[in-house]
Peer 1: 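Here it is, the structure in full.
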Amino acid sequence: MDENENKALGEGKLFKLMIKFAVPCVLSLLVSALYNIVDQIFVGNSKLGDLGNAATGVVFPIFIIAQAFAWWLGDGCAAYLNICQGKKATQNVHRAIGTGIVMTVAASVVLMAVFYPLKRPLLLTFGASANSIDYAVEYFNIILGFFPIFMAMNMINAVVRADGSPAWSMASMLAGAIINIILDPTFIFGCDMGMEGAAWATVIGQTASFGICLFYLLRKTKTFKLKLKSLVPDFKEFGGAVKLGLSSFITQMTIVIISLVCNIMLKKYGGASVYGEDIPIAIIAIESKVFTVVVNIVVGIVLGCQPIIGYNVGAKNYGRVKKLYLYILASTVVIGVIATLVFELAPRGITGIFGAPKFSDPVLYWDFATKTFRIFLMLVTFTCTIKMTSIFFQAAGCPVRAIISSLIRDIVCFIPLICGLPAAMGIDGILWAAPIADGVAMIVAAALTVHYFISQRKRGNGDKIENEEAVMQN
């Protein structure tokens, strides 16, 4: 960014800056969520029906594994770039970003090598049944072949956003989503390609998004210039980025762990209930996609504000950081309350967007859908606030607090509850595990946040303080 843009981050009106940076980022992440949702909607309304929904649902956690590595490296490089901007020390940032790109591609190749030979047992582990496994494998074969493009696109997109170009980030995701939306019905219905059609529509859209991100990286960057030597790994420079992005990796991997454990328990207790194995897996797959839309709005707001947070942390303008946090928190609560009302009042209407059951008892299908949205997402406002808090700490250069915020809800609380409650409550215990975990984790996240701002005020006499985590020392 030029000097005027940097000055605006440190002195401009915070609400206007928030709107400028957050809106494109929110739209970008919403479009990203559309990739999987569009597939699920068209698949669910095709002859594949609820079995097709179940198949895309069991592939979804593997998407998240790939995204976890991409976001770890991308969000880490983005946060590192913004804090270095505040310190006016961006001369070597290109080395960290170049190393991040190389490591992302390397990780994608490793994941392909591991997942291809293990795809069938892997998908069965994630909840595929005898009825849905062939559909899942058909979809997964194509998706996996494009992991390098998918992961590189996600990594570079975070850097583009941090470079002060959220509109470019949004444009890249929007182009891919539009292509996906056009090709899904063309391939699934027009060409009768079924699951393969959904997969090809997705990867072609991802390739278009990657092309736009790559063009920006090579031609339009503001803060750094990527050179050939930037791609020679420099792990000393990359170390700060790795630390800052670790909470993103942990957050995404906890989603995978939750999906794995949840699907295993749904398969076990669903099979022992009147719903059977396939209904719970299909409904939770829909719930996950809808929940992703809500969370992506919140994540988009705080990630969009990352350049503002990072710059002011680096410049030690902590009064502005606190004020911006309050703006983000208020937005998160409003979004969470609206989502809660929708989920409580119209669960069947939301589920119906993804098609009617074709292979399952419709009465049981709609009954489980209603219970899932009303119970599982009962405290979605807390869930959103916890996610927002973790990303805020990451942007502020506090990876330890970010990691604790990520782990407390999902690993410390939710996993034990989802394993223990069904023994007493049956399949309903799986649904009640989420709001209980949200309540406990919200208390911890609130305590971490209050302590953070109190400690900053004491140590810095108000606005000028040193970063308590000191992860960005050069």
Side-chain angles (χ1 to χ4, degrees), residues 30 33-61 126-129 131-132 135-136 139 181 184-185 188 195 198 255 258-259 262-263 265-267 269-271 273-297 335-381 383-384 426-435:
L30 282 177
L34 279 176
Y35 277 114
N36 284 316
I37 288 178
V38 168
D39 280 353
Q40 193 126 13
I41 290 173
F42 283 115
V43 166
N45 284 283
S46 73
K47 63 183 181 182
L48 301 168
D50 40 314
L51 289 183
N53 274 334
T56 59
V58 299
V59 174
F60 184 64
F126 276 106
S129 68
N131 296 323
S132 64
Y135 291 142
Y139 186 75
I181 290 170
D184 256 327
I188 294 174
M195 295 301 294
I255 294 173
I258 286 173
S259 296
C262 190
N263 284 352
M265 300 303 287
L266 286 170
K267 194 172 181 180
Y269 286 94
S273 72
V274 295
Y275 300 109
E277 293 182 6
D278 291 316
I279 288 177
I281 297 291
I283 294 298
I284 288 295
I286 293 170
E287 174 274 328
S288 296
K289 304 297 174 62
V290 174
F291 174 69
T292 299
V293 172
V294 177
V295 169
N296 275 13
I297 296 174
I335 292 162
V337 170
I338 292 172
T340 302
L341 291 174
V342 173
F343 296 153
E344 293 296 320
L345 297 175
R348 181 163 176 167
I350 297 169
T351 310
I353 296 172
F354 296 84
K358 291 182 172 59
F359 301 97
S360 305
D361 185 315
V363 174
L364 295 175
Y365 182 87
W366 296 120
D367 178 63
F368 192 77
T370 300
K371 287 202 298 185
T372 297
F373 277 89
R374 287 182 173 166
I375 298 174
F376 203 76
L377 297 178
M378 180 186 299
L379 293 182
V380 70
T381 305
T383 316
C384 291
I427 197 168
D428 285 356
I430 298 172
L431 304 181
W432 281 104

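Heavy atoms only: backbone and side chains are in, while hydrogens, waters and symmetry mates are out.
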Peer 1: Return the CG to OG1 distance between D367 and T372, rounded to the nearest 0.5 Å.
Peer 2: 9.0 Å
Peer 1: Do you know which two heavy atoms are closest between P280 and I427, and how far apart they sit?
Peer 2: CG-CD1, 3.7 Å
Peer 1: Where do D184 and A198 come nearest, in terms of heavy atoms and distance?
Peer 2: OD1-CA, 3.4 Å
Peer 1: Please list every donor-acceptor pair under 3.5 Å in which a side-chain atom of residues 343-353 meets a protein atom from a residue at least two apart or in another chain.
Peer 2:
{"from": "T351", "atom 1": "OG1", "to": "P347", "atom 2": "O", "distance (Å)": "2.9"}

Peer 1: Where do I430 and F376 come nearest, in terms of heavy atoms and distance?
Peer 2: O-CE1, 3.7 Å
Peer 1: If you define the side chain from C-beta out and look only at heavy atoms, does anything of T340 sit under 4.5 Å from L377?
Peer 2: no
Peer 1: Compare every heavy atom of C384 with every heavy atom of V294, then report the nearest pair and how far apart it is.
Peer 2: CG1-SG, 3.8 Å
Peer 1: Supply the atom-to-atom distance C262 SG to L431 CG, rounded to the nearest 0.5 angstrom.
Peer 2: 8.0 Å
Peer 1: Any chance you could measure F291, atom CZ, to N296, atom CG, to the nearest 0.5 Å?
Peer 2: 9.5 Å
Peer 1: Could you state the interatomic distance from CD1 (I279) to CG (L266), rounded to the nearest 0.5 Å?
Peer 2: 12.0 Å
Peer 1: Which heavy atom of F42 sits nearest to which heavy atom of I181, and what is that distance?
Peer 2: CE1-O, 4.2 Å
Peer 1: Does a side-chain heavy-atom distance below 4.5 Å link S273 with Y269?
Peer 2: no
Peer 1: Is any side-chain heavy atom of I283 less than 4.5 Å from a side-chain heavy atom of Y275?
Peer 2: no
